[in-house]
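Computed from a predicted model, the values in this text were never measured in an experiment. By convention in this document, chain letters (A, B, ...) are assigned in the order of the sequence lines, proteins followed by strands, and residues within each chain are numbered from 1.
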Protein chains: 2
Amino acid sequence: MTTAAPVPSSRDLPHPARGEIRLEGVLHALSDPVRMRIVRELAAAGVALSCSQFDVPVTKSTSTHHFRVLRENGVIRQVYEGTAKMNVLRRDDLDELFPGLLDSLLAAAAHQADRRNET
Amino acid sequence: MTTAAPVPSSRDLPHPARGEIRLEGVLHALSDPVRMRIVRELAAAGVALSCSQFDVPVTKSTSTHHFRVLRENGVIRQVYEGTAKMNVLRRDDLDELFPGLLDSLLAAAAHQADRRNET
DNA sequence: GCCGTACTACGATGCCTATCGTACGACCCG
DNA sequence: CGGGTCGTACGATAGGCATCGTAGTACGGC
């Protein structure tokens with residue numbers, strides 16, 4: 001019935017269902033510094049951000065790759081809005097599957113970043 | 001009551017200092033199912049275990065590789081005791097660096113294992 | 001001194017992945 | 001329609017890594 005809804009622009013992207021998200025996959029996704037940085041920016045923002053709004057030290061095609069890894073491992077959700085691809089953390093799904101994990105990871109990342117900036 | 005000094009048998013193994021442990025490294029180490037399994041067994045045991053006491057589905061040489069990855073990334077500490085190589089979790093260091101992270105990770109792994117065993 | 005056990009070292013293999021550049025497709029705006 | 005922006009697809013490359021088998025070293029016990 002193609003209700004009005006958001007109409008996210010025809011092209012949809014494959015996401016794992018909540019139950020398909022695997023811990024190893026999440027950890028692997030976050031074990032790359034670039035991807036961890038993306039997730040941290042996303043968590044700090046609290047709202048959806050387009051891919052181009054992130055400050056990552058790689059080219060656009062590499063960036064695309066990292067966003068895909070995050071999506072395929074269930075860490076983020078991506079939706080097209082016009083030419084922009086909007087990204088949000090799958091916080092609800094992750095919190096339900098692994099209570100407290102995401103916050104611990106973000107805190108650990110922040111903690112480590114702090115230690116580096118001091119000294 | 002033997003002498004207080006452990007006398008860990010001449011050969012020592014290189015470990016990262018607490019401050020050298022990196023979050024990415026820890027996550028990478030735990031993103032492999034075999035290594036996560038080792039860490040879970042170690043956490044459940046609460047005492048030092050020799051390499052051969054673990055129930056992992058790989059050959060011994062592969063097992064050696066996984067233990068080394070865990071050690072080099074600061075997740076476990078390894079000490080020779082005779083021919084046996086004893087392993088312990090570096091819980092104190094990890095808790096100090098990343099408060100709550102290890103417990104969240106272990107809980108998440110347990111949670112996921114539970115979900116798999118049910119159904 | 002010799003043997004068995006515990007673990008390692010090394011080399012091979014096949015796969016995965018982070019990176020890039022270039023060429024292309026989708027979409028909005030004027 | 002045409003141009004510009006956003007992101008993708010594809011191929012190439014180089015490095016990492018999980019796995020194994022075999023051969024070898026360290027150590028304790030007999």
Side-chain angles (χ1 to χ4, degrees), chain A residues 6-15 22 24-39 41-42 48-73 75-88, chain B residues 2-3 6-15 22 24-39 41-42 48-73 75-88:
Chain A
V7 182
S9 155
S10 55
R11 35 182 184 166
D12 271 3
L13 296 159
H15 290 79
R22 308 252 7 173
E24 312 90 85
V26 173
L27 297 185
H28 168 247
L30 295 181
S31 69
D32 182 285
V34 174
R35 291 193 290 260
M36 177 57 95
R37 182 164 176 169
I38 289 172
V39 169
E41 288 190 31
L42 213 42
L49 295 176
S50 71
C51 292
S52 57
Q53 291 182 275
F54 292 82
D55 179 31
V56 290
V58 292
T59 65
K60 263 203 303 187
S61 54
T62 302
S63 172
T64 294
H65 161 69
H66 285 308
F67 278 106
R68 181 172 47 214
V69 171
L70 287 170
R71 185 188 73 239
E72 290 178 345
N73 284 290
V75 180
I76 67 174
R77 197 173 282 281
Q78 296 191 292
V79 173
Y80 275 107
E81 265 175 39
T83 70
K85 200 183 202 171
M86 305 306 291
N87 304 274
V88 286
Chain B
T2 56
T3 56
V7 183
S9 154
S10 57
R11 35 182 184 165
D12 273 2
L13 296 159
H15 289 79
R22 308 246 37 200
E24 310 89 85
V26 173
L27 297 186
H28 168 247
L30 295 181
S31 69
D32 182 284
V34 174
R35 291 194 291 262
M36 176 59 95
R37 182 164 176 170
I38 289 172
V39 169
E41 288 190 29
L42 214 41
L49 295 177
S50 70
C51 292
S52 57
Q53 291 183 275
F54 291 82
D55 179 31
V56 290
V58 292
T59 66
K60 263 208 294 194
S61 56
T62 302
S63 172
T64 294
H65 161 69
H66 285 307
F67 278 106
R68 182 172 47 215
V69 171
L70 287 170
R71 171 170 47 83
E72 290 177 345
N73 284 289
V75 179
I76 67 173
R77 196 174 282 282
Q78 296 191 291
V79 173
Y80 275 107
E81 264 175 40
T83 70
K85 199 182 203 174
M86 304 307 290
N87 305 273
V88 286

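Protein atom CD1 of B/Ile38 is 12 Å distant from nucleotide atom P of C/dC7, rounded to whole Å. Here D/dG7 presents its P atom at 13 Å from CZ of A/Arg71, a figure rounded to the nearest Å. Between the CD atom of B/Gln53 and the C1' atom of C/dT5 there is a distance of 14 Å, rounded to whole Å. Distance, B/Met86 CE to D/dA26 C1': 17 Å, rounded to whole Å. Atom CG of A/Asp12 and atom P of C/dA26 are 15 Å apart (whole Å). If you take CZ of A/Phe67 and P of D/dG7, they are 8 Å apart, rounded to a whole angstrom. In this structure, OH of A/Tyr80 is placed 14 Å from P of C/dG25, rounded to the nearest angstrom. Atom-to-atom, CD of A/Gln78 to P of C/dA26 comes out at 18 Å; the value is rounded to the nearest Å.
Contact between A/Ser31 and B/Glu24 at its shortest, heavy atoms only, is O-CB, 3.5 Å. Closest approach of B/Val75 to B/Ala29, counting heavy atoms only: CG2-CB, 4.1 Å.
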Only distances under 3.5 Å count here; give the side-chain donor-acceptor pairs of residues 62-69 of chain B to other protein atoms, sequence neighbours excluded, each with its distance to 0.1 Å.
unit_1: B/Thr62; atom_1: OG1; unit_2: B/Thr59; atom_2: OG1; d: 3.2
unit_1: B/Thr64; atom_1: OG1; unit_2: B/Lys60; atom_2: O; d: 3.1
unit_1: B/His66; atom_1: ND1; unit_2: B/Arg35; atom_2: NH1; d: 3.1

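A/Thr83 pairs by the side-chain hydrogen bond (donor to acceptor under 3.5 Å, both in side chains) definition with nothing, not counting sequence neighbours. Annotation: side-chain contact (heavy atoms from CB on, under 4.5 Å) contacts of B/Arg77 (sequence neighbours excluded): B/His15, B/Val88, B/Arg90, B/Asp93. By the side-chain hydrogen bond (donor to acceptor under 3.5 Å, both in side chains) test, A/Glu41 pairs with no residue at all, sequence neighbours left out. With sequence neighbours left out, B/Glu72 forms a salt bridge (charged side-chain N to carboxylate O under 4.0 Å, His left out) with no residue at all.
Taking the side chain of B/Ser52 as heavy atoms from C-beta on, and the options D/dC27, C/dC7, D/dG7, the nearest nucleotide is C/dC7. Which of C/dT5, C/dC7, D/dG7 sits closest to the side chain of B/Ser50 comes down to C/dC7.
Listed pair A/Arg68 / D/dA9 meets the phosphate criterion, a side-chain N or O lying under 4.0 Å from OP1 or OP2.
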Would you tabulate the nitrogen or oxygen pairs shorter than 3.5 Å linking the protein to nucleotides 17-21 of chain C?
unit_1: C/dA18; atom_1: OP1; unit_2: A/Arg35; atom_2: NH2; d: 3.3
unit_1: C/dA18; atom_1: OP2; unit_2: A/Arg35; atom_2: NH1; d: 2.9
unit_1: C/dA18; atom_1: OP2; unit_2: A/His65; atom_2: NE2; d: 2.7
unit_1: C/dT19; atom_1: OP2; unit_2: A/His66; atom_2: NE2; d: 2.3
unit_1: C/dC20; atom_1: OP2; unit_2: A/Thr59; atom_2: N; d: 2.9
unit_1: C/dC20; atom_1: OP2; unit_2: A/Thr59; atom_2: OG1; d: 3.3
unit_1: C/dC20; atom_1: OP2; unit_2: A/Thr62; atom_2: OG1; d: 2.9
unit_1: C/dG21; atom_1: N7; unit_2: A/Ser61; atom_2: OG; d: 3.3
unit_1: C/dG21; atom_1: O6; unit_2: A/Ser61; atom_2: OG; d: 3.1

